[in-house]
Amino acid sequence: QVQLVESGGGSVQTGGSLRLSCAASGLTFSMYAMGWFRQAPGKEREFVSSISRNGGSTYYEDSVKGRFTISRDDAQNTVYLQMNSLKPEDTAVYFCAAAYGAFRGNTYSPTLRREYDYWGQGTQVTVSS
């Protein structure tokens, strides 16, 4: 049974930092590209960042470029999202997701929700002004 468990969310003030973690189990982690999405109240779930199987390719949504950094540790089956210079508009539930990429090459790091096979339950991030 595949499980993705997010942690590290919380409440911070504008300009603060948080580091989200997503621990994966029940899958061969190195075969999956990983992504982070977020969903604010009343809004659609949106792409935040993704990382390829080998970590060599990363993508970021424009509003988080230069502030967020995605990384992965295959020895720990964990993907991270370091979030700096947080803004109130970053407030959302953050979800990690896994996309099977064994036949898509090492640069595969999808940005679309439909490309992902497994999802975590989410962790709340609240940024106050």
Side-chain angles (χ1 to χ4, degrees):
Q1 180 181 355
V2 175
Q3 282 192 311
L4 301 178
V5 180
E6 301 96 336
S7 61
S11 296
V12 296
Q13 292 189 326
T14 297
S17 297
L18 285 172
R19 188 194 196 202
L20 305 184
S21 299
C22 172
S25 61
L27 52 73
T28 304
F29 189 70
S30 62
M31 291 294 186
Y32 286 79
M34 300 297 295
W36 287 96
F37 289 73
R38 65 186 178 187
Q39 188 166 16
K43 294 190 176 182
E44 296 278 324
R45 191 173 300 188
E46 66 175 6
F47 170 78
V48 176
S49 182
S50 62
I51 188 167
S52 61
R53 290 168 51 204
N54 66 356
S57 291
T58 57
Y59 286 98
Y60 297 92
E61 192 268 329
D62 285 346
S63 70
V64 308
K65 285 179 181 177
R67 300 188 297 122
F68 291 10
T69 303
I70 191 170
S71 61
R72 64 187 294 157
D73 183 344
D74 284 10
Q76 299 294 324
N77 284 4
T78 300
V79 62
Y80 303 96
L81 187 68
Q82 178 67 44
M83 305 187 297
N84 298 328
S85 302
L86 282 161
K87 305 175 181 180
E89 50 264 44
D90 295 318
T91 296
V93 177
Y94 283 70
F95 299 88
C96 78
Y100 187 66
F103 303 107
R104 294 179 178 267
N106 288 332
T107 60
Y108 179 62
S109 49
T111 62
L112 300 176
R113 288 176 57 183
R114 59 178 169 80
E115 297 183 89
Y116 284 85
D117 303 295
Y118 302 104
W119 292 84
Q121 293 299 305
T123 185
Q124 176 70 47
V125 171
T126 303
V127 185
S128 58
S129 56

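Just so you know, these numbers come straight off a predicted model, no measurement behind them. In what follows, every heavy atom counts, from backbone to side chain, and hydrogens, waters and symmetry copies are set aside.
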Does [atom1] in [X] sit with more than 12 non-hydrogen atoms of other residues, nucleotides or ligands closer than 6.0 Å?
X: Glu44; atom1: CD; value: no
X: Gln13; atom1: CD; value: no
X: Gln124; atom1: CD; value: yes

Check your understanding: Can you check ring-ring contact (aromatic ring centres under 6.0 Å, His included) on Phe37 and Trp119, steps first, answer last?
Key -> CA-CA 10 Å; Phe37 289 73; Trp119 292 84; 4.9 Å; yes

List the residues meeting side chain to side chain donor-acceptor pair (under 3.5 Å) with [X], not counting sequence neighbours, and say none if there are none.
X: Arg72; result: Asp74
X: Arg104; result: none
X: Gln82; result: Asn84

How long is the gap from [atom1] on [X] to [atom2] on [Y], to the nearest 0.5 Å?
X: Ser50; Y: Leu81; atom1: OG; atom2: CG; answer: 11.0 Å
X: Phe47; Y: Trp36; atom1: CZ; atom2: CH2; answer: 12.5 Å
X: Ser129; Y: Lys87; atom1: OG; atom2: NZ; answer: 13.5 Å

Point to revise | With sequence neighbours excluded, residues passing ring pair (Phe, Tyr, Trp, His ring centres under 6.0 Å) with Tyr100 | key: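 So Tyr100 forms a ring pair (Phe, Tyr, Trp, His ring centres under 6.0 Å) with Tyr32.
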
Point to revise | Residues forming a ring pair (Phe, Tyr, Trp, His ring centres under 6.0 Å) with Tyr94, sequence neighbours excluded | key: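 With sequence neighbours excluded, Tyr94 shows a ring pair (Phe, Tyr, Trp, His ring centres under 6.0 Å) to no residue whatsoever.
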
Check your understanding: Would Val93 and Val5 show up in the same hydrophobic cluster when neighbours are defined by side-chain heavy atoms closer than 4.5 Å?
Key ->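 No.
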
What heavy-atom pair brings [X] and [Y] nearest, and what distance separates the two atoms?
X: Ser71; Y: Val79; result: O-CG2, 3.1 Å
X: Thr69; Y: Tyr60; result: CA-OH, 3.4 Å
X: Tyr108; Y: Ala99; result: CE2-CB, 4.2 Å

Practice item. State, with a plain yes or no, whether a side-chain heavy atom of Glu61 is found less than 4.5 Å away from one of Phe68. Key: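 Contact flag for Glu61/Phe68 side chains = no.
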
Closer than 3.5 angstrom, by distance alone: can the side chain of [X] be matched with the main-chain N or O of [Y] as a donor-acceptor pair?
X: Thr123; Y: Ser7; value: no
X: Thr14; Y: Ser128; value: yes
X: Glu6; Y: Gln121; value: yes

Practice item. Sorted by first residue and then second, give each salt bridge (charged side-chain N to carboxylate O under 4.0 Å, His left out) pair with at least one member in residues 11-28; sequence neighbours left out. Key: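 The answer is none; no pair qualifies.
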
Exercise for review: Kindly state each residue pair satisfying salt bridge (charged side-chain N to carboxylate O under 4.0 Å, His left out) with at least one member in residues 90-102, sequence neighbours excluded.
Suggested key: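 Of all non-adjacent pairs touching residues 90-102, those that pass salt bridge (charged side-chain N to carboxylate O under 4.0 Å, His left out) are Arg38-Asp90, Arg67-Asp90.
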
Practice item. Please say whether the positively charged group of Arg45, taken as NZ for Lys or CZ for Arg, lies over the ring of Phe95, i.e. under 6.0 angstrom from the six-membered ring centre and within 45 degrees of the axis. Key: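 Arg45 over Phe95 ring: yes.
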
Practice item. For the pair Leu20 and Val125, evaluate side-chain contact (heavy atoms from CB on, under 4.5 Å) and give the outcome as yes or no after the intermediate values. Key: CA-CA 9 Å; Leu20 305 184; Val125 171; 4.1 Å; yes

With sequence neighbours excluded, residues passing side chain to side chain contact (heavy atoms under 4.5 Å, CB included) with [X]:
X: Ser11; value: Thr126
X: Ser57; value: Ser52, Thr107, Ser109
X: Thr78; value: Ser21, Ala23, Gln76, Tyr80

Review point. Which pairs pass disulfide (SG to SG under 2.5 Å) with one or both residues in residues 37-129, sequence neighbours excluded?
Key: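 Only Cys22-Cys96 qualify under disulfide (SG to SG under 2.5 Å).
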
Point to revise | All salt bridge (Lys or Arg N to Asp or Glu O under 4.0 Å) counterparts of Lys43, not counting sequence neighbours | key: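 If we apply the salt bridge (Lys or Arg N to Asp or Glu O under 4.0 Å) test to Lys43, skipping adjacent residues, there are no hits.
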
**Study point:** Working for side-chain contact (heavy atoms from CB on, under 4.5 Å), residues Ile70 and Tyr59
**Key:** CA-CA 9 Å; Ile70 191 170; Tyr59 286 98; over 6 Å; no

